[in-house]
Amino acid sequence: MRNINNYLSGFFKGTKGPTLDAIEYFMEQLDFPQKKLQIIHIAGTNGKGSTVEMLSNVLEKAGYTVGKFMSPHIIRFNERICVNHKEILDEELEELTSKMKPIVDSYNKNHEVKVTLFELETAMALLYFVKKNCDIVIMETGLGGLCDCTNIVEPILSIITSIGYDHMDILGNTLEEIAVQKAGIIKEKGETIFVEQEPKINKIIEETCKKKRNILHLITLQDCKDISYDAEYQTFSYKEKQVKINLKGNKQIGNACIVLEAIEVLRKKGYTILDKAVLEGLKTVVHKARFEVINLNPTIIFDGGHNEQAIKNLKETINMHYNNGKKTYIVSILKTKDYKTVIKELIEDKEAEFIFTDGTKEKDEVKCYVEKETLYNEALKYRKDKLYMDTLESAIQKCKKQKDRVIFIVGSFYTYKEVIENI
């Protein structure tokens with residue numbers, strides 16, 4: 001795997017200008033693998049990962065071979081490309097990189113802007129899913145939708161989970177501009193699922209679907225009824241179907257409704273998905289790094305949310321399940337994120353203590369964290385007490401000894417590996 005990691009580390013891990021040139025070139029050289037797959041394409045500011053995990057779990061319970069493409073990975077690269085929840089093997093990755101290398105070299109030789117890592121892994125994922133004879137593939141966009149390289153696919157269903165402020169330097173400074181980018185995955189004469197938001201956002205999605213003669217399935221949360229929850233499950237009914245989900249937070253109910261709507265669309269397209277598979281799939285889903293309990297005694301919860309919408313969802317979920325009792329937040333935030341808004345939202349928990357860190361030891365052009373002093377000083381604008389600075393490792397070790405409180409490790413998915421190792 002070392003050789004593969006060395007090869008992959010040579011690719012730019014960020015994004016580039018709005019172009020699909022490289023991925024279109026790859027598809028042509030590879031005999032258009034995207035045309036050989038039945039694909040569900042998912043975009044959204046938040047909720048993509050949860051929706052992918054729930055939907056893939058249901059389809060697997062229904063007996064289908066399900067490909068899953070997600071990013072970023074939490075611990076190792078292989079997580080990005082899975083079939084029936086099994087990660088691509090190292091030797092399979094090596095085989096794919098060997099196949100792709102001459103094509104990448106050919107493209108780079110004739111283009112000033114080189115191939116990015118995400119373009120490479122998208123092509124490899126499509127090749128892999130064809131090789132594995134997947135019955136259906138669920139693909140997340142990497143960034144936005146319109147010019148995201150996953151937008152090369154021709155989906156049987158497009159899903160837009162939510163639209164909020166994130167990656168504004170690339171996607172736009174207003175929700176309307178961001179919505180146009182997300183709506184880019186809506187295809188001619190296809191079908192789209194969207195959970196209604198404010199009217200100006202709904203209008204963009206509705207008009208895009210109308211223009212492209214695309215059937216819109218608009219989910220209204222008023223259709224969710226009889227909502228209740230306990231320590232283990234949330235229970236609700238959607239269009240007279242009662243279900244339980246084990247993912248916490250009100251937003252997960254909306255994501256589960258997307259899955260239920262998607263199942264109905266797929267049934268009309270000829271997929272056999274029994275209610276038993278739907279109910280079991282929603283009750284047993286695992287989503288790493290999303291309000292995941294990673295330790296007991298003390299309770300330690302990891303959540304990788306890193307934008308305003310995600311942090312508000314986190315706060316809401318904490319208030320549902322951990323409103324009483326002592327709390328500590330260990331916070332790390334990438335420099336590419338709006339750390340000021342994240343701090344402003346988190347600091348509203350007046351009774352909690354906060355430990356600000358510089359993130360993980362590993363730093364490169366992607367994993368570059370806001371300095372703990374900067375986070376601390378930002379927090380000082382709102383309060384003067386219960387604010388601390390430490391390394392991530394030291395903060396975890398200290399908090400593990402505090403049995404009287406719940407610890408939340410938040411702000412970045414990229415700290416997950418080091419956190420788990422320290423736990």
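Given the structure is predicted, the values throughout are model-derived calculations rather than measurements.
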Worksheet item: Between L120 and M100, is any pair of side-chain heavy atoms under 4.5 Å apart?
Response: yes
Item to complete: Measure centre to centre between the rings of F356 and Y388, then say whether the value is under 6.0 Å.
Response: no
Discussion item. Main chain of C147, side chain of N151: is a donor-acceptor contact present, judged purely on distance under 3.5 Å?
Written reply: no
Worksheet item: Got a donor-acceptor contact below 3.5 angstrom from the E119 side chain to the T116 backbone?
Response: yes
Worksheet item: So does E198 have more than 12 non-hydrogen atoms from other groups sitting under 6.0 Å from CD?
Response: yes
Item to complete: Give the minimum heavy-atom separation between L247 and H287, together with the two atoms involved.
Response: CD2-CB, 4.2 Å
Contacts table for residues 218-227: side-chain donor-acceptor under 3.5 angstrom, sequence neighbours left out:
residue	atom	partner	partner atom	Å
T220	OG1	D223	OD2	3.0
D226	OD2	S237	OG	3.3

Worksheet item: Is the backbone N or O of K327 less than 3.5 Å from a side-chain atom of R405, with the two atoms forming a donor-acceptor pair by type?
Response: yes
Discussion item. Looking at K386, I want to see if its NZ is surrounded by more than 12 non-hydrogen atoms of other residues, nucleotides or ligands under 6.0 Å.
Written reply: yes
Fill in: Test log, rule side-chain contact (heavy atoms from CB on, under 4.5 Å), inputs N133 and T65
CA-CA 8 Å; N133 295 313; T65 301; over 6 Å; no
Worksheet item: Between N307 and K337, is any pair of side-chain heavy atoms under 4.5 Å apart?
Response: no
Discussion item. Can you confirm whether more than 12 heavy atoms, excluding those of K268, are under 6.0 Å from its NZ atom?
Written reply: no
Worksheet item: Is there a donor-acceptor pair under 3.5 Å between the side chain of E345 and the backbone N or O of V342?
Response: no
Item to complete: Cation-pi check, K35 to F32: give yes when NZ or CZ is under 6.0 Å from the six-membered ring centre and within 45° of the ring axis, no otherwise.
Response: yes
Practice prompt. Evaluate whether atom CD of E351 has more than 12 neighbouring non-hydrogen atoms of other residues, nucleotides or ligands under 6.0 angstrom away.
Written response: no
Discussion item. With side-chain contact (heavy atoms from CB on, under 4.5 Å) as the criterion, how do F302 and T415 come out once you've worked through the C-alpha distance, each side chain's angles and the decisive distance to 0.1 Å?
Written reply: CA-CA 10 Å; F302 189 100; T415 62; 3.3 Å; yes
Discussion item. Is it the case that over 12 heavy atoms from other parts of the model lie below 6.0 angstrom from the NZ atom of K350?
Written reply: yes
Worksheet entry | Exceeds 12 heavy-atom contacts within 6.0 angstrom, atom NZ of K344 | no
Discussion item. Please check: side-chain N/O of N202 versus main-chain N/O of Q197, any donor-acceptor pairing under 3.5 Å?
Written reply: yes
Worksheet item: Can you check whether G142's main-chain N or O pairs, donor with acceptor, with D148's side chain at less than 3.5 Å?
Response: yes
Worksheet item: Can you find a pair of side-chain heavy atoms, one from I42 and one from T51, that are under 4.5 Å apart?
Response: yes
Practice prompt. Validate the cation-pi geometry between K283 and Y233: distance from NZ or CZ to the six-membered ring centre under 6.0 Å, angle to the ring axis within 45°.
Written response: yes
Practice prompt. May I ask you to check whether F413 and H73 place their ring centers less than 6.0 Å from one another?
Written response: no
Discussion item. With a 6.0 Å cut-off (strictly less than), is the heavy-atom count around NZ of K210, excluding the residue itself, greater than 12?
Written reply: no
Discussion item. With a 6.0 Å cut-off (strictly less than), is the heavy-atom count around NZ of K187, excluding the residue itself, greater than 12?
Written reply: yes
Discussion item. Assess the residue pair E176 and K203 against the criterion (salt bridge (charged side-chain N to carboxylate O under 4.0 Å, His left out)); give the C-alpha distance rounded to whole Å, side-chain angles, the decisive distance to 0.1 Å, and a yes or no.
Written reply: CA-CA 10 Å; E176 292 95 325; K203 183 179 178 181; over 6 Å; no
Worksheet item: Between K86 and C82, is any pair of side-chain heavy atoms under 4.5 Å apart?
Response: no
